[in-house]
Amino acid sequence: MLELVLFGSFLLLLFLGVPVAFSMGISSVATIMYMQGVNALFPSSGIMYASMASETLLAIPFFILAGVIMELTGISARLIELADACFGHRKSGIALTTILAALVFSSISGSGPATVAALGGILIPALAKHGYKKRHAAALVASAGEMGIVIPPSIAFIVFAVVASDYERISIGRLFAAGVVPGLCMGLAFYLVARFLPREMEQAKASAKLHAAHALGRRKVPSDGTAPDTGGAATSAADVAPRQGASEAGPQQANPATMTLADIPHDASIQIRTTRAPARVIRKALVRAIPGLMMPFIILGGIYGGVFTPTESAAVAAVYALVIGLFVMRDLKVADVYKIFATAGVQAARIMFIIATATLFAYVITKYQIAQTVAEGLLSLTTSTVLLVLLINLVLLIAGMFLDAISAFYLFIPLFVPVLLELGMDMTTIGVFMTVNLALGLVTPPVGIDLFVAAGIAKIPFGEAIKGIWPFFLAGLCVLMLVTFVPALSNFLPDLLGL
């Protein structure tokens, strides 16, 4: 009956549309009152406050602040510019550009939705121009955003380390290192899917020839006076006329020695290129991207070099991002600082409130031995370790459709971590496979916040985006199975670094 009161009221509130944080808090209060009456509620406020006052969790608002600053400084456009200069000429180069930009930005923001929001406005139109259907373009960017909570620094790993410490201590630094290889595996899987997706190849090839002719100062159009653009619509001959002065310059305009970054379209106007960018263009793009590329080295290098703790590294990252935005890149003005801190404050407050109510929920689960009951029930179902782990994965996948990773950690760590430890799984593997599992929830309906953001940027219905996500979801599922049953993927790098 106790389990029915707690989980039943929680699910009912979710079904009625009550936000997750309030659902967890109300169901916890209802369970405490059911068991011990109103007087037993007095310790609740202290439990919630103590959960937010954790020194380790100070890293969350600082990482959020650093991510917001980097998102507003145009660093995402510079990262895409560099990746496009290096790989834009390759087959499926735009897909590789998307994955690489997401990998780097994930190591700055630590958040999936932030990664999608920062990169989607540039990359989704670019993917569409390269022949990808909009639903596939949105799905690729949304899936790439999943890496935001797996690639370090990861807010999800910070929360896991804090919550799981009641069962076995694990350092945040070890979890950060453990997420690198699985994150790269996710990126590779998503790229392979994108590489073999059907595209409007004939239109893409026609557009590539058109741009090549344009760069040479020639005017090649069909006899009917129209030429297909990348979206398949007809374009008039006047729209593809050579640039001013092209007829005098002739073929010299295509000389790589005279190319500049301006010759490689960026931002929302990325076009198809079939030739490699010259070395000096790549060097210039690299120089422009250095402020963003330095952020992961500062954060992770400082942690693993013993210079500062993960919490201190988050504060350093925020200060570095602010200095870069105001004085180096100069994309920010002093007047923008208030807006930045307000935006970061709201995001951090939302997460900390979830942590507070989720801590109370976890307290109820532990206090009334609900976790022990669930653990005994799971272990009695079967003696097969593989089946039990698969069952836990299934429960997490379903939960990820409705819950964010932070809420899910507080809900399921008390239930599943004791069971998994009893089965002989190490804490590093547990942390990584639970995080990868819940990362998939960022793109699964009915919630799928990454997919919602990407669909909004692509200006397509959410249902249309869902049609495009399934190949990427299956690829992510394959990575999840590898991470779950091949512990070396998670443990290799931390063990190598001696963490």
Side-chain angles (χ1 to χ4, degrees), residues 71 76-77 79-81 83-84 87-106 112-148 186-208 211 228-233 264-273 439-440 442-445 448-476:
E71 186 178 345
S76 56
L79 294 174
I80 294 170
E81 182 179 85
D84 184 51
F87 305 104
H89 64 284
R90 295 178 178 271
K91 180 182 178 181
S92 302
I94 185 62
L96 184 57
T97 296
T98 301
I99 296 299
L100 292 176
L103 279 169
V104 178
F105 198 85
S106 294
T115 301
V116 176
L119 303 179
I122 301 172
L123 288 171
I124 289 177
L127 286 161
K129 287 181 179 180
H130 280 69
Y132 287 97
K133 295 180 180 179
K134 275 195 172 182
R135 65 170 178 260
H136 290 146
L140 174 57
V141 174
S143 298
E146 294 177 39
M147 298 182 291
M186 293 175 73
L188 177 61
F190 297 147
Y191 169 68
L192 291 176
V193 170
R195 185 177 176 85
F196 294 104
L197 280 176
R199 287 188 287 166
E200 300 169 0
M201 297 305 298
E202 293 304 318
Q203 293 174 354
K205 289 177 182 177
S207 178
H211 285 295
D229 63 11
T230 54
I264 301 179
H266 297 292
D267 298 333
S269 61
I270 293 178
Q271 306 292 339
I272 296 175
R273 288 189 296 107
L440 295 178
L442 294 172
V443 298
T444 50
I449 184 63
D450 276 15
L451 197 59
F452 262 119
V453 173
I457 294 172
K459 298 180 180 178
I460 59 174
F462 185 62
E464 182 71 10
I466 291 174
K467 295 178 182 178
I469 198 63
W470 296 116
F472 297 99
F473 178 79
L474 293 175

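Model, not experiment: these values are computed from the prediction. Note: hydrogens, waters and symmetry copies are ignored here, and every other heavy atom, side chains too, is used.
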Handout entry: Tyr132 OH to Thr98 OG1 distance, which is reported to the nearest 0.5 Å
Key = 8.0 Å
Problem - CD1 on Ile469 to NE2 on His136, rounded to 0.5 Å - result: 9.5 Å
Fill in the blank from the handout: Across all chains, not counting sequence neighbours, the ring-ring contact (aromatic ring centres under 6.0 Å, His included) partners of Tyr191 are none
Practice task
Check Gly148 against Thr115 and note the closest heavy-atom contact, atom names and distance.
Solution key: CA-OG1, 4.3 Å
Practice task
Kindly determine whether Leu103 and Met147 satisfy side-chain contact (heavy atoms from CB on, under 4.5 Å), including the steps that lead there.
Solution key: CA-CA 7 Å; Leu103 279 169; Met147 298 182 291; 3.5 Å; yes
Handout entry: Closest non-hydrogen atom pair, Val141 against Val116
Key = O-CG2, 3.7 Å
Practice task
Provide the full list of salt bridge (charged side-chain N to carboxylate O under 4.0 Å, His left out) pairs with a residue in residues 134-143, sequence neighbours left out, each pair given once.
Solution key: Arg135-Glu464
Problem - Partner residues of Leu192 under the side chain to side chain contact (heavy atoms under 4.5 Å, CB included) criterion, sequence neighbours left out - result: Leu188
Exercise for the section: For residues Gly476 and Leu440, report the shortest heavy-atom separation together with the two atoms involved. Expected result: CA-CD2, 3.8 Å
Practice task
For residues Phe472 and Leu197, determine if any side-chain heavy atom of one lies less than 4.5 Å from a side-chain heavy atom of the other.
Solution key: yes
Practice task
Start with the C-alpha distance between Glu146 and Phe190, add both sets of side-chain angles, then the distance that settles side-chain contact (heavy atoms from CB on, under 4.5 Å), and finish with yes or no.
Solution key: CA-CA 10 Å; Glu146 294 177 39; Phe190 297 147; 3.8 Å; yes
Exercise for the section: Just jot down the side chain to side chain contact (heavy atoms under 4.5 Å, CB included) partners of Ala142, sequence neighbours excluded, or say none. Expected result: Val443, Asp450, Leu451, Ala454
Handout entry: Closest contact, heavy atoms only, Ala144 versus Ser106
Key = O-OG, 4.4 Å
Handout entry: Rounded distance [0.5 Å steps], OG in Ser143 versus CD1 in Ile99
Key = 8.0 Å
Problem - Ala101 to Leu123 - nearest heavy-atom pair and separation - result: CB-CD1, 4.5 Å
Practice task
Quick one: closest heavy-atom pair of Ala83 and Leu100, and the distance?
Solution key: CB-CB, 4.4 Å
